[in-house]
Amino acid sequence: VFAVYTAIHRKEIFSGDRDALSKFLYLFIGWIAGLIFWFFLRGQALGGGVVNMPLEQAVRSVFSALPAMFLYIGKILFPFNLSVLPILHDSTLIYGIVATLLLAAVIFLNRRSLNWANIIFGGFWFLFFLLPSSLQPNQQIAQLFIEHRLYLPIIGFIIIFLEIYLSSQKDRSSVSRRLWTGLFVLVIISFSAINFFHSRVFADRISFCENAAHNSPHSPLAHRNLGAMYWLDGRADDAEKEYKESLKLNPNEPMAHNNLGLIYAKKGDF
């Protein structure tokens with residue numbers, strides 16, 4: 001990301017300016033040293049290297065996750081279908097498609113006043129930092145498109161939004177600027193309200209897992225986890241129902257089989 005930013009915004013480095021080039025090299029060496037130190041600490045903490053994935057599986061994993069780009073983009077502009085454990089099967093891409101078309105239209109209308117370097121860099125930031133979440137060796141985890149994976153990539157969209165806003169304010173009247181300000185205030189109030197009500201999902205483990213199973217009914221992981229929470233709360237009948245639902249979706253779920261065994265053993269139903 002640092003290299004792309006430099007290539008886009010610091011073109012004098014490549015024009016023969018020795019002073020600019022030397023500054024770039026110092027920064028580049030600093031980044032490399034920092035990365036080496038980070039990987040060393042990561043190895044010490046986790047006792048191993050990066051997850052080993054064959055190249056073919058990695059490429060297939062990325063391509064299978066491409067539709068999720070629309071899912072994530074939709075939740076940036078229209079965060080109305082939030083879930084703690086979203087999967088594509090139970091999610092809609094309509095919000096993402098509308099958001100993408102809306103963003104493309106706004107960029108097109110402001111194309112003459114935009115600094116395209118910022119637009120390109122913002123798009124690269126979004127895609128680049130979202131890419132690692134697609135590399136999942138575990139098939140069940142790979143099917144999840146969890147919303148907190150957007151925390152870092154969303155900065156790319158903020159860069160794009162800021163560029164659109166700043167370019168649209170050039171030669172605008174004070175009335176137009178007040179309208180923009182009013183729009184921002186409305187968005188902040190609306191998103192804050194959505195956030196407040198959504199936070200109730202995180203009140204306790206039952207609320208969290210019930211939200212997952214409700215919004216992703218085709219996820220065996222969601223039903224399995226909800227069953228585990230019911231079991232811990234002493235609700236054996238509810239847990240049994242969720243484990244059976246999990247096994248309908250994935251008959252090879254070890255934890256569901258094991259925990260059903262525990263429930264039947266407790267009931268004496270050998």
Side-chain angles (χ1 to χ4, degrees), residues 1-12 62-84 86-88 90-134 144-199 215:
V1 173
F2 163 71
V4 169
Y5 178 85
T6 304
I8 292 175
H9 288 280
R10 300 293 299 278
K11 295 179 181 178
E12 68 272 15
V62 170
F63 273 97
S64 65
L66 284 179
M69 293 293 176
F70 289 106
L71 184 65
Y72 284 125
I73 292 171
K75 293 191 178 188
I76 291 173
L77 290 183
F78 305 111
F80 310 130
N81 56 336
L82 301 177
S83 170
V84 299
I87 61 174
L88 274 180
D90 296 311
S91 301
T92 177
L93 300 181
I94 294 175
Y95 292 118
I97 294 170
V98 171
T100 302
L101 292 174
L102 183 62
L103 183 62
V106 172
I107 290 175
F108 178 78
L109 292 173
N110 292 277
R111 63 190 182 280
R112 290 188 178 87
S113 58
L114 289 173
N115 181 347
W116 282 94
N118 288 331
I119 299 294
I120 293 170
F121 180 68
F124 174 78
W125 180 296
F126 175 76
L127 293 172
F128 187 82
F129 281 115
L130 201 55
L131 180 66
S133 65
S134 304
L144 303 178
F145 299 97
I146 304 171
E147 290 151 7
H148 65 244
R149 293 176 182 169
L150 272 175
Y151 290 166
L152 184 57
I154 201 174
I155 293 173
F157 260 70
I158 293 173
I159 293 170
I160 294 173
F161 293 152
L162 282 172
E163 176 56 36
I164 293 171
Y165 171 72
L166 292 173
S167 66
S168 68
Q169 295 308 294
K170 296 173 183 176
D171 304 322
R172 288 289 178 95
S173 65
S174 58
V175 175
S176 175
R177 291 179 181 180
R178 283 198 294 271
L179 286 173
W180 270 99
T181 303
L183 176 63
F184 285 150
V185 171
L186 180 63
V187 167
I188 290 170
I189 292 173
S190 301
F191 281 22
S192 297
I194 292 170
N195 182 65
F196 176 77
F197 289 109
H198 184 58
S199 66
N215 289 299

Can you tell me how far the [atom1] atom of [X] sits from the [atom2] atom of [Y], to the nearest 0.5 Å?
X	Y	atom1	atom2	result
I94	N81	CD1	CG	10.0 Å
F191	I76	CZ	CD1	10.0 Å
I160	F126	CD1	CZ	8.5 Å
I159	Y5	CD1	OH	9.0 Å
I155	L150	CD1	CG	11.0 Å
L101	I73	CG	CD1	10.5 Å

Stepwise, does the side chain to side chain contact (heavy atoms under 4.5 Å, CB included) test hold for V62 with L131?
CA-CA 7 Å; V62 170; L131 180 66; 3.7 Å; yes
Centroid separation under 6.0 Å, is that true for the rings of Y165 and F184?
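Between Y165 and F184, which both carry aromatic rings, the centre distance is below 6.0 Å.
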Sub-4.5 Å side-chain heavy-atom contact between [X] and [Y]:
X	Y	answer
P86	K75	yes
I194	L82	yes
Y72	R149	yes
S91	F145	no
W125	V1	yes
N110	E163	no
L77	F157	no
L93	L88	yes

Please report the closest heavy-atom contact between H9 and A117, naming both atoms and the distance.
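Heavy atoms only, the tightest pair is CE1-CB, 3.9 Å.
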Over all atoms of both residues, closest heavy-atom pair of F63 and P67:
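Nearest pair, atom of F63 first, then P67: O-CD, 4.0 Å.
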Counting N and O atoms only, with roles assigned by atom type, does the side chain of S167 sit under 3.5 Å from a partner on the main chain of I164, one being a donor and the other an acceptor?
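Looks like yes, one N/O pair under 3.5 Å.
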Is the number of heavy atoms from other residues, nucleotides or ligands under 6.0 Å of F80 CZ greater than 12?
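Yes.
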From the options I188, I189, V187, L183, select the one residue that forms a side-chain contact (heavy atoms from CB on, under 4.5 Å) with V185.
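So, applying the side-chain contact (heavy atoms from CB on, under 4.5 Å) to V185 and each of I188, I189, V187, L183, only I189 qualifies.
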Can you tell me which residue pairs pass the side chain to side chain donor-acceptor pair (under 3.5 Å) test with a partner in residues 95-107, sequence neighbours excluded?
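Found none.
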